[in-house]
Protein chains: 2
Amino acid sequence: MLRNTSWHRGIRPNEDFPMPAKNRYKQAQWRSDSGYSKSAETRKAILRAAIEAFGKTGYGATTTRQIAAAAGVNQPAINYYFGGKDGLYKACTDEILANFVGPLAEVAQQALAAAEAGLDRKGAARQLQELLSALADVMIRSEQVSEAAGFVGREMREPGLAYQALYQNLWAPGIELAARLIATVKGRPDTDAADRVDAIMMISGIAAFVPGQSVSMRIMGWQEAGDAGKALVLTRLSAQIDGWMSSPK
Amino acid sequence: MLRNTSWHRGIRPNEDFPMPAKNRYKQAQWRSDSGYSKSAETRKAILRAAIEAFGKTGYGATTTRQIAAAAGVNQPAINYYFGGKDGLYKACTDEILANFVGPLAEVAQQALAAAEAGLDRKGAARQLQELLSALADVMIRSEQVSEAAGFVGREMREPGLAYQALYQNLWAPGIELAARLIATVKGRPDTDAADRVDAIMMISGIAAFVPGQSVSMRIMGWQEAGDAGKALVLTRLSAQIDGWMSSPK
DNA sequence: ATAAATAATTATCATATGATATTTTTTTAT
DNA sequence: ATAAAAAAATATCATATGATAATTATTTAT
């Protein structure tokens, strides 16, 4: 399918700035109170709506009309801003990597640096708890990011257009780091299969409590995960870490 | 939308009997070597293909044509046998409840009976390991059932037509039973929120290793979960159980 | 203030999808 | 062997979907 590239002009307005909510995601029409050119807001509104929708129902079952309606724009806007459904999905990936990795990168870097400098078991346990806490914070508490977590989790379960990028930049490094810390906590120099299984199970365990996962909420009798949920989940993980600490090996 | 109910005639041929594979799911055309009337085989073939497809891509993103092709039948066969896409989805639920609950029901009943008869901590630990082992067996090892696990997991994450039935008959009782055993292992008479969180995390942990979840396979460097994978996952869970045993409380 | 550029909207298209009607083939009953 | 019933296949329909073209509104630059 050939394309006259000319209409691709509007594809990348400038990004990154606050975006108040209105039509769920978009302000009233043609009002740019903020002084910014309108397009950037619209772009963000579409992105947020898309991340939520794709995360909930997946690429195939989500229609561009649904996203447009949720974002408060018309359906062709998606083509105008992102070149199509595919382009929008990839743009969601970039957005998530920017906003998701951000809060985690700091603590991950710190843990990694500490690990390379040589950690004792106790120190590794503390770093691991830091990491899991940051993860739970981002996945369970922050509403906006927990929607992103839904997107990421889905893509990891059923690989699609975003799989490669998310796996390489988020999932694999995250598991690797956790596994490495776990190995150190257990008193071994480098990671084995058991550590990786532990890492996967811990992170999957947190993922089971992102607010979108309504089953867990229902089982627990919670309306939303919130602080209490996060604390409880982390306590369980801490207990597991303590268990590794106390065993000799 | 009105329906002339007459064409519903063929909706429920007799069920339950072995089904050899061919066109992935269906035998060569018009051959009923087995002596059974052909329709039951076709029905099963469609069901198996549907469970796999729905489990992988979900209700909305799975087309009846895809299912028909995988089953080796033509597209209208789905309407003929199940009255439509909805009916097929519900039929998948019934099929799963029959074939999934089956292998688990026995060990679950046993655990439940033991729990009510009064278990000591050690006994509860053994029962819990039994239960988790059976679960891992069914979810990780058995190919056919692990496809069903994909279906169930998806439905729990994004409730649809099958949610109610699967939640009530599978998920909730499973978590409740596990939580109860966990409480006993910890030395308490009845379950609290922490036990339920532990139960959810354990079962989610197993679910992370069903063969469909290719990320985990990739991280572990496995081609398929198989026996080794199941054993490793169970070892990790056992370690956790041992941790609870050794703590006083 | 006006023209050019950008953003948003409406109208429409080709294709895919679930469903249905119709026809053909196979099986079963007599 | 033949007729009736059941199963399978083909053809087709109405609707939904992603995409595009054409039009209108708004903003920006002069």
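In what follows, every chain begins at residue 1, and chains take the letters A, B, ... in the order their sequences are listed.
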Which residue lies more 5' along DNA chain D, comparing B/Gln75 with A/Gly60 via nearest heavy atoms: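 This one resolves to B/Gln75.
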B/Lys56 and B/Glu147 ion-paired at < 4.0 Å: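 A salt bridge is absent here (no side-chain N lies under 4.0 Å from a carboxylate O).
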Just to confirm, is there a sub-4.0 Å distance from OP1 or OP2 of [N] to any side-chain nitrogen or oxygen of [X]?
| X | N | value |
| --- | --- | --- |
| A/Thr64 | D/dT17 | no |
| B/Thr63 | C/dA16 | no |
| B/Asn79 | C/dT20 | yes |
| B/Thr42 | D/dA8 | yes |
| A/Tyr81 | C/dA8 | yes |

Rounded to whole Å, how long is the line connecting atom [atom1] of [X] with atom [atom2] of [N]?
| X | N | atom1 | atom2 | result |
| --- | --- | --- | --- | --- |
| B/Asn74 | C/dA19 | CG | P | 15 Å |
| A/Ile78 | D/dT20 | CD1 | C1' | 14 Å |
| B/Tyr80 | D/dA5 | OH | P | 13 Å |
| B/Ile67 | C/dG18 | CD1 | C1' | 11 Å |
| A/Tyr89 | D/dT17 | OH | P | 18 Å |
| B/Arg65 | D/dA11 | CZ | P | 13 Å |
| B/Gln66 | C/dT17 | CD | P | 7 Å |
| B/Tyr59 | C/dT17 | OH | P | 14 Å |

Nucleotide nearest A/Pro76 (side chain, heavy atoms from C-beta), chosen from C/dT17, C/dT6, C/dT9: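 Among the listed nucleotides, the one closest to the side chain of A/Pro76 is C/dT9.
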Selected nucleotide, minimal atom distance to B/Lys85 side chain, candidates D/dA21, D/dG18, C/dG18: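 Within the option list, the nearest is C/dG18.
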Minimum heavy-atom distance A/Tyr167-A/Pro173, with the two atoms named: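 Here A/Tyr167 and A/Pro173 meet closest at O-CD, 3.5 Å.
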Least distance between heavy atoms, B/Ala162 atom then B/Glu155 atom: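 Scanning both residues completely, I find the closest heavy atoms to be N-OE2, 2.9 Å.
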B/Lys85 charged N/C atom sitting above B/Tyr59 aromatic ring, 6.0 Å / 45°: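 Yes, B/Lys85 and B/Tyr59 form such a contact.
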Distance-only side-chain donor-acceptor flag, A/Thr62 / A/Thr57, under 3.5 Å: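 Yes, side-chain donor-acceptor contact under 3.5 Å.
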